[in-house]
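Within every chain, numbering begins at 1; the chains are lettered A, B, ... in the order of the sequence lines, protein sequences first and strands thereafter.
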Amino acid sequence: MITEFGAYALVLALVLSALQMILSAIGGARRSSLLAGAGRGAALGAFLGTALTFLALIHAFVVSDFSVANVAANSHTAKPMLYKVAGAWGSHEGSMLLWCLVLTGYGAAVASFGEALPPRLRAYAVATQGALGVLFLAYTVFASNPMARLLDVPVEGASLNPLLQDPALAFHPPFLYAGYVGFSVVFSFSMAALIEGRVDAAWARWVRPWTLAAWSFLTVGITLGAFWAYYELGWGGWWFWDPVENASFMPWLIGSALLHSAVVLEKRGALPGWTVFLGLAAFTFSMLGAFLVRSGVLTSVHAFAVDPTRGILLLTIMGIAAGAGFAMFALRAPSLNSGGLFAPVSRESAIVLNNIILSTATAVVLVGTLFPLIREATDGEAVSVGAPFFNMTFVPLMVLAMAILPAGPLLAWKRGDARLVVRRLWLALAIAAILGLAAFAAVAPRSALASAGLVVGFWLVGGAVLELAERVKAFRAPWPEVRRRLTGLPRGAWGTTLAHAGLGIFVLGAAFETTWRVEAAQALSVGGQLKLGAYELALTDVGTVEGENYIAERGIVKITRAGAPVCEARPERRFYPTGKQTTSEVAICPKVLDDLYVVLGERRAGPDGQPAWLVRAFVNPWVRLIFLGPLVMAIGGLVSLSDRRLRFGVGKRAERAA
Amino acid sequence: MLVALAAIACMAGAAADPAERLPDPAQEARARTLFREVRCLVCQNESIDDSEAALAGDLRQVVRDQVKQGRSDKQIRAFLVERYGEFVLLKPPFSAGNALLWATPAIALILGGVLMALLLRRRAASAADGEDSAPLSQVEEARLQVLLKDE
């Protein structure tokens with residue numbers, strides 16, 4: 001009954017989205033506040049309908065109603081409750097429903113919180129969001145309905161892939177989608193501005209909070225995914241330049257470029273066309289990602305819920321939405337005002353350079369991801385584009401961007417003074433160079449590149465700290481003055497510092513971990529020992545444990561350093577009888593920044609006839625920074641966002657006063 | 001889902017398995033570096049360094065044998081391509097067919113550079129004519145000032 005109600009609510013949401021599109025569009029065109037208001041009401045209704053469907057699906061998963069096809073295919077009575085709930089978005093149908101939920105949710109947010117916006121811009125944005133809602137809800141209702149029933153009800157479900165039964169992965173899709181689909185709002189605002197033919201500083205100010213929110217969520221989502229890959233796949237890596245990873249990374253790169261160009265537009269009125277273009281591109285890349293992940297055109301370790309026929313539909317949807325967007329752009333771009341002037345050495349120029357590099361990086365990831373398809377279509381040759389290609393092309397581009405990054409915030413708008421910047425940053429440069437050279441001397445010549453990575457990392461962190469110090473006149477003004485400046489600093493400035501420092505922290509972690517990782521592997525019987533760098537590992541026992549829906553072989557590995565106990569690692573090899581799958585559960589002993597990472601391999605015959613297990617272990621130095629850095633970046637984004645929200649309030653108060 | 005299942009078989013890298021290692025550490029290091037460039041043909045998107053699949057083990061054996069015989073990296077790569085096609089290399093070789101792939105960064109950067117140069121030149125030209133016209137109406141400008149005052 002609840003399931004039928006959910007299916008009905010979804011159709012209702014589709015109808016309401018259509019109403020939202022039509023009423024808002026007419027309301028905008030005729031300047032009718034009544035129709036526009038009705039459109040906003042429809043937007044709230046569409047969100048409510050989708051939310052009810054989503055709850056109904058979760059309910060079906062929680063009570064294990066296997067008459068629902070999606071539940072039968074992706075759940076099992078023995079599954080822990082968290083993964084029953086998370087199973088609701090673990091499949092093609094469920095994840096599309098989550099996509100629609102986020103899409104209509106953002107639409108409802110624009111409808112409810114956009115009071116400071118000019119009424120027409122708001123009406124057109126709500127209309128565009130409604131149009132996107134129609135496309136994706138229609139797809140969900142007609143081609144990918146998660147509420148579809150089975151005539152032949154199975155007694156037990158097929159369960160969720162055990163690799164996906166993991167806390168990080170349960171929360172990974174909601175964050176990822178909140179980011180991915182958050183760019184739909186930016187897309188809608190871009191369309192609205194193009195329909196009105198006006199892209200100005202005020203527009204940039206309205207778009208930035210949405211961009212910041214989407215970008216921050218996407219940062220957290222990608223980081224959770226990388227963290228999952230790190231401890232669940234058991235190869236010690238965290239980023240594989242896999243097509244699915246790339247699919248989520250491209251909107252992030254474009255979103256980062258957009259965040260910066262929107263600042264230029266907001267403060268200086270420059271780059272309007274380019275900023276709108278990025279606004280359209282970000283969500284286009286999100287849709288491309290949705291298509292790539294689900295259509296099966298590319299093979300990937302993360303691909304799930306693959307279905308080629310529905311892939312064509314998704315491609316069509318993307319073609320319609322992006323086609324309309326860019327056609328509108330081509331129509332209106334020539335008439336856009338080009339805005340403020342700036343000199344070659346200025347903050348604007350630094351940000352333009354940042355945008356050029358980020359766009360180039362996106363192009364590299366895009367071409368790299370699609371190239372196997374392109375070759376296949378042109379001359380039938382099967383090729384692979386993997387990590388070595390991206391390391392050779394993407395990484396140098398990023399190094400270039402990061403080399404100029406700390407200078408950006410220190411340059412003045414319009415016309416900057418390069419000498420002044422050098423004078424303010426020499427300390428960061430000197431520290432970075434010395435530490436980098438020291439690292440080079442310690443490991444040379446094995447890893448000149450890693451030393452360069454460390455230089456860049458310290459340069460970024462140092463630059464961010466010095467920029468903050470510069471703003472508050474630390475060491476130059478008396479302490480009360482510094483304190484006054486610190487408390488008076490806008491949150492946006494803190495956000496910038498945090499985000500840039502976070503990037504530096506990530507680079508340090510990545511460079512350090514890649515270079516100084518220690519690896520050891522040996523087939524051990526119980527009582528066997530293995531040397532891992534400065535550590536001694538001893539396999540003291542292997543027993544059997546029973547989980548809620550699996551049976552596992554669990555090894556007890558005692559880790560000591562110079563005789564002193566460090567920790568006891570318990571890696572497992574789990575067998576899930578429902579899907580007849582085996583997964584390996586990594587044991588991680590966290591140090592402050594490092595991880596001791598232990599994996600238990602398959603049982604085999606040892607040299608003396610006793611059973612033995614291949615134990616692989618890593619010391620991953622500074623690996624914590626790899627996940628901490630992006631989190632700091634996301635926090636920076638949210639801090640900056642809280643500043644914007646205040647400003648929305650200011651805008652409203654000002655309006656009331658006027 | 002099936003794809004993900006198939007992937008499991010390939011996971012949890014086994015290249016460090018001591019049973020397979022070459023006795024000479026320098027040769028072993030060279031082999032390991034090569035492993036990262038060679039695709040596990042039956043896996044999704046993994047190098048033979050990461051893969052536990054049987055075929056990846058065979059390929060590692062091939063590479064290790066050739067390293068032991070003293071063949072150069074280039075010779076080994078050529079051997080693998082001849083046997084399995086370009087598909088086996090995770091970094092496509094520089095060739096006419098792959099020109100687009102390798103030229104992308106340069107093309108995009110040059111394009112960006114040209115656009116920026118044009119932007120700066122137009123700015124210089126219009127600066128000679130005086131300041132740019134205000135894109136905002138007076139009311140909007142006043143509102144923007146109120147907003148900006150919070151800076």
Heavy-atom contacts under 4.5 Å, residues 72-84 of chain B to chain A = none
May I ask you to decide if B/V88's main-chain N or O and A/S384's side chain share a donor-acceptor pair within less than 3.5 Å?
-> no
Atom CG of A/L353 and atom CE of B/M116: how far apart are they, to the nearest 0.5 Å?
-> 4.5 Å
Sequence neighbours left out, what passes side chain to side chain contact (heavy atoms under 4.5 Å, CB included) with B/R36? Give chain and number order.
-> B/R32, B/D49
Side chain / backbone / both / neither for A/T393 at chain B, heavy atoms under 4.5 Å = side chain
Are there more than 12 heavy atoms of other residues, nucleotides or ligands under 6.0 Å from atom NZ of A/K531?
-> yes
B/R30 CZ: over 12 foreign heavy atoms closer than 6.0 Å = yes
Contact origin within A/W241 toward chain B - heavy atom pairs under 4.5 Å = backbone
Taking the side chain as C-beta and beyond, is there a heavy-atom pair between B/P92 and A/V385 under 4.5 Å?
-> yes
What part of A/L489 lies closer than 4.5 angstrom to a heavy atom of chain B: side chain, backbone, both or neither?
-> neither
What distance do B/L119 atom CG and A/S349 atom OG have between them, rounded to the nearest 0.5 Å?
-> 8.0 Å
Which residues in residues 94-115 of chain B have a heavy atom less than 4.5 Å from any heavy atom of chain A?
-> B/F94, B/G97, B/N98, B/L100, B/L101, B/W102, B/T104, B/P105, B/A108, B/L109, B/G112, B/G113
With sequence neighbours left out, the residues meeting ring-ring contact (aromatic ring centres under 6.0 Å, His included) with A/W203 are none
Counting only heavy atoms closer than 4.5 Å, note whether A/A493 contacts chain B via side chain, backbone, both or neither.
-> neither
Output the option from A/D379, A/L397, A/V367 having the highest count of non-hydrogen pairs under 4.5 Å with chain B.
-> A/V367
Do you know which of A/L366, A/N355, A/T360, A/I374 has the most heavy-atom pairs under 4.5 Å to chain B?
-> A/T360
